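A short write-up of the structure that comes next.
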Amino acid sequence: MRELTDLEKNRQQKVSLLLAAGMDPYPAHAERTHTSVQARQAFEQAAEGATVAATLTGRLRSIRAMGKAVFAHIEDGEGQIQLLLKADILGKEFLDAFRNLFDLGDILQARGSLFRTRTGEITLQVEHVAMLSKAITPLPASKETVAESGERVVHSAFDNPEARYRQRYADLAVNPEVREIFRVRARMISALRRFLDSRGFLEVETPVLQAVYGGAAAKPFVTRHHQLHQDLYLRISFELYLKRLLVGGFERVYEIGRDFRNEGVSFKHNPEFTQLEFYMAYADYRQIMALTEEMISTVAREVTGTTKIDFRGHTIDLTPPWTRISLRDSILELGGIDIDAHPTAESLSSAMRVKGLSPKAETNRGKLIEGLLSHFVEPGIVQPTFLFDYPRDISPLAKGKPGQPQTVERFEGFVAGMELCNAFSELNDPLDQEQRFLEMGRAYSEEEEDRHPMDEDYLNAMRYGMPPNGGFGMGIDRLAMLLTNQPTIREVILYPHLRQREDEK
RNA sequence: GGCCCACUAGCUCAAUCGGUAGAGCAGCUGACUCUUAAUCAGUUGGUUGAGGGUUCAAGUCCCCCGUGGGUCACCA
């Protein structure tokens, strides 16, 4: 265990002093009659001159001691409220004890009556105080003032990202705007559920531990079941399990849960992230596209009150309809290469070299096209845009486009230079699906980690007959970034993955 | 995994050309009964991320390691 700092030792001593003074520093029971917001409301609604008694609880966030009176603010789940402790009410001895034994960060309970100070602030005139939890470690010191412009100015803000993520509890305790991000995130997820529930979707849960992983191109995390002597993979997508349910007769299903991908970490990638996937029988990718823009604009309106959101200096208008452009047209327009004129990887590679690009050798046509997409198209997309009709050889679970052997009915939604969602008319032909699995298997050598196992059971399910359906997947964290105007995924994940520190090993 | 940047008091940050490590807040002592970054006076607090090297002298220069941030690669 680490040694306590001098500040902490000092506070630790106050625990025994509190006990000696007959005050339990960590009592089991607390009382509260009002939250800070309720107290203010009660005072404002009471008749002029009436006494409004209240018992409040919260964390001590500021103390201004001035002789025989002490002003302080406590903060509860809804905000801050001021306390006034006066010697002529509490007695000089108790006021001294308060000043000696209570510190910033302590959680306390205060009983008294509400009044308005000369400066107009509704304040609790305190008649009794009890400690609810003595804080040993001081919270990171930060103070805030309100400038004359009305803008909130934070002094000595606790804003070092590493420290904030590693001690998210301290971050949340001192940065109310961080708490707000996670409130918005929670409202966003319940709005998504409401939207899908109201359209007849059934929420289900499928295995996180899987013997055969699939549904996306990603390296999995491997774990071990000791009793069964079996390696298991943490899922990289829900897709194959959810579509099995369509075979079983559920026509509309969705799942919100965690996916795990053993890949690089960046401002838009965390090793574990929250995904929404839904599958809708008898819909194709065009219908899913319409449902997508409706869902996201509805959720944005419910959560932020508008479909025009501010994100990193842009105003993004999520109001339907979103721009629709085929992948071919977008690459032709922005990159000057017509992918339809290049049916082979070789031909496309040479066209790319003419444009000064250096495509990797031994890669398939689809991956080259994907490279063109991320090079020419993705970074420039600010307003919500659907790119549609993707290469078949990077979409093994999507249904082919009639008459176009190299293209599948698939779209991705992009906003603010980020891929937000991915959807397609799902392949439901078991023979075709088996072919695709075999093609994917041939595309990688035995050693390559990207090589994916054949999912025989999934083919079995499909042979029983799967209704035609449209499927959809979206990174919830990225939507949360958008709706909370945060530049990195770490700001919208409570405990983003960080390397373990040497001194913690 | 590559490259760039950062790491100094509990928190936020200074420290000129390599020359005694400082400030604000927090803390501690005291004054003060309408304050709100309260104010005023005094004061404590440091293995400068770890280790090694160069030098009379290293927070500063070099090497190596750690952690983080950014970026690239990777990511049907």
Side-chain angles (χ1 to χ4, degrees), chain A residues 4-11 61-73 80 82-90 92 95 100 103-105 115-121 123 125 136-147 152-167 170 174 214-219 236-237 261-269 271 360 363-367 369-371 373-374 390-398 408 410 412 419 422 424 436 439-440 443-444 449-450 452 487-488 490 496 498-505:
Chain A
L4 293 183
T5 64
D6 288 347
L7 295 187
E8 290 168 326
K9 284 176 187 159
N10 183 291
R11 286 180 173 216
R61 291 308 310 280
S62 66
I63 300 179
R64 293 171 296 284
M66 26 194 318
K68 298 191 178 62
V70 175
F71 283 94
H73 274 96
Q80 296 202 358
Q82 183 167 255
L83 308 181
L84 173 58
L85 297 87
K86 290 166 74 173
D88 55 9
I89 294 177
L90 293 160
K92 183 164 187 321
L95 197 68
N100 288 329
D103 293 291
L104 295 182
F115 76 108
R116 201 181 286 273
T117 63
R118 274 174 215 160
T119 55
E121 181 166 349
T123 299
Q125 172 118 283
I136 304 300
T137 304
L139 284 169
S142 74
K143 287 194 166 184
E144 60 179 75
T145 43
V146 180
R152 206 171 122 254
V153 183
V154 180
H155 308 269
S156 296
F158 180 53
D159 57 8
N160 177 275
E162 178 182 1
R164 288 179 45 235
Y165 303 147
R166 286 195 192 278
Q167 297 197 42
V174 302
K219 294 183 190 74
I236 57 173
S237 88
R261 296 188 182 174
N262 207 337
E263 284 160 2
V265 174
S266 80
F267 76 95
K268 50 184 176 180
H269 296 90
K360 268 193 303 197
T363 200
N364 68 29
R365 178 174 174 273
K367 287 204 170 190
I369 293 173
E370 207 171 38
L373 159 64
S374 38
Y390 274 61
R392 173 186 147 111
D393 52 13
I394 53 167
S395 315
L397 301 164
V408 294
R410 171 178 171 190
E412 291 187 308
E419 180 194 334
N422 179 21
F424 28 92
R436 305 288 195 95
E439 281 169 28
M440 291 309 287
Y444 298 96
E449 293 181 70
D450 280 0
H452 280 202
T488 84
R490 294 188 187 89
L498 300 174
R499 208 180 295 248
Q500 188 179 27
R501 295 186 67 118
E502 276 295 300
D503 54 14
E504 288 172 349
K505 282 179 188 167

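All figures in this text were calculated on a predicted structure; none of them were measured in a lab. Chain A is the first sequence line, chain B the second, and so forth, proteins listed ahead of strands; every chain is numbered from 1.
Following rounding to the nearest Å, Lys9(A) (NZ) and G27(B) (P) show an atom-to-atom distance of 19 Å. Rounding to whole angstrom units, CG of residue Asn100(A) and P of G27(B) are separated by 12 Å. Straight-line distance from the CZ atom of Arg116(A) to the P atom of U36(B): 18 Å, rounded to whole Å. We find that CG of Asp6(A) is positioned 14 Å from C1' of U43(B), with the value rounded to whole Å. Whole-Å rounding puts the Asn422(A) CG to C75(B) P distance at 15 Å. Atom NZ in Lys219(A) sits about 11 Å away from atom C1' in A73(B), given to the nearest Å. Protein atom CG of Leu7(A) is 13 Å distant from nucleotide atom C1' of G46(B), rounded to whole Å. Rounded to whole Å, atom P of U35(B) lies 16 Å from atom CG of Leu85(A).
Between G10(B) and G46(B), the two C1' atoms lie 12 Å apart (nearest whole Å). Rounded to whole Å, the separation between the P atoms of A50(B) and C61(B) comes to 16 Å. Look at the P atom in both U60(B) and U16(B): the space between them is 12 Å, to the nearest Å. Comparing G45(B) with C63(B), their C1' atoms sit 33 Å apart, to the nearest whole Å.
Closest to the side chain of Phe267(A), out of G68(B), U33(B), U71(B), is U71(B). Comparing atom distances between the Thr119(A) side chain and each of A26(B), U36(B), A76(B) picks out U36(B) as nearest.
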Exercise for the section: For Glu412(A) and Tyr390(A), run side-chain hydrogen bond (donor to acceptor under 3.5 Å, both in side chains): C-alpha distance rounded to whole Å, both residues' side-chain angles, the deciding distance at 0.1 Å, then the answer. Expected result: CA-CA 9 Å; Glu412(A) 291 187 308; Tyr390(A) 274 61; 2.8 Å; yes
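No engagement by Asp393(A) is indicated, since no non-hydrogen atom pair under 4.0 Å with the nucleic acid exists. Within the nucleic acid shown, Gly264(A) comes within 4.0 Å of at least one base atom, counting heavy atoms only. Within the 4.0 angstrom heavy-atom criterion, base atoms lie near Ala65(A). Across all strands shown, Phe424(A) has no heavy atoms under 4.0 Å from either base or sugar-phosphate atoms. At the heavy-atom level, Glu370(A) lies under 4.0 Å from the strands shown only through sugar-phosphate atoms. No engagement by Arg164(A) is indicated, since no non-hydrogen atom pair under 4.0 Å with the nucleic acid exists. Residue Thr363(A) is out of contact with every strand shown, counting any heavy-atom pair closer than 4.0 Å.
Phosphate contact (OP1/OP2 of U35(B), side-chain N/O of Arg64(A), threshold under 4.0 Å): absent. Put simply, Lys367(A) has a side-chain N or O that comes within less than 4.0 Å of OP1 or OP2 on C75(B). Close to G70(B), at under 4.0 Å from its OP1 or OP2, lies a side-chain N or O of Arg490(A).
A salt bridge links Glu439(A) with Arg392(A): the closest approach of a Lys/Arg side-chain nitrogen to an acidic carboxylate oxygen falls below 4.0 angstrom.
Taking the nucleotide of RNA chain B with the nearest heavy atom to each of Thr123(A) and Ile63(A), the more 5' of the two is matched to Thr123(A). Comparing Asn10(A) and Ala69(A) along RNA chain B, the residue whose closest nucleotide (by nearest heavy atom) sits nearer the 5' end is Asn10(A).
The shortest heavy-atom contact between Leu84(A) and Ala69(A) is CD1-CB, 4.2 Å.
Side chain of Thr363(A) to backbone of Lys367(A): no donor-acceptor contact under 3.5 angstrom is found. Counting only distance, with no hydrogens or angles, the side chain of Thr5(A) and the backbone of Glu8(A) share a donor-acceptor pair below 3.5 Å. In this structure, the side chain of Arg61(A) does not engage the main chain of Ala72(A) through any donor-acceptor pair within 3.5 Å.
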Exercise for the section: Whenever both distances are under 3.5 Å in a Watson-Crick or G-U wobble pair, mark it; put RNA chain B into dot-bracket that way, with [ ] for crossing pairs and | when the partner is on another strand. Expected result: (((((((..((((.....[..)))).(((((.......))))).....(.(((..]....))).))))))))....
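The base of U35(B) sits with one of its N or O atoms less than 3.5 Å from a complementary donor or acceptor on the side chain of Thr117(A).
Counted by atom type alone, His269(A) and Arg261(A) present zero donor-acceptor pairs between their side chains at under 3.5 Å.
Classification of C17(B) as syn follows from a glycosidic angle within 90° of 0.
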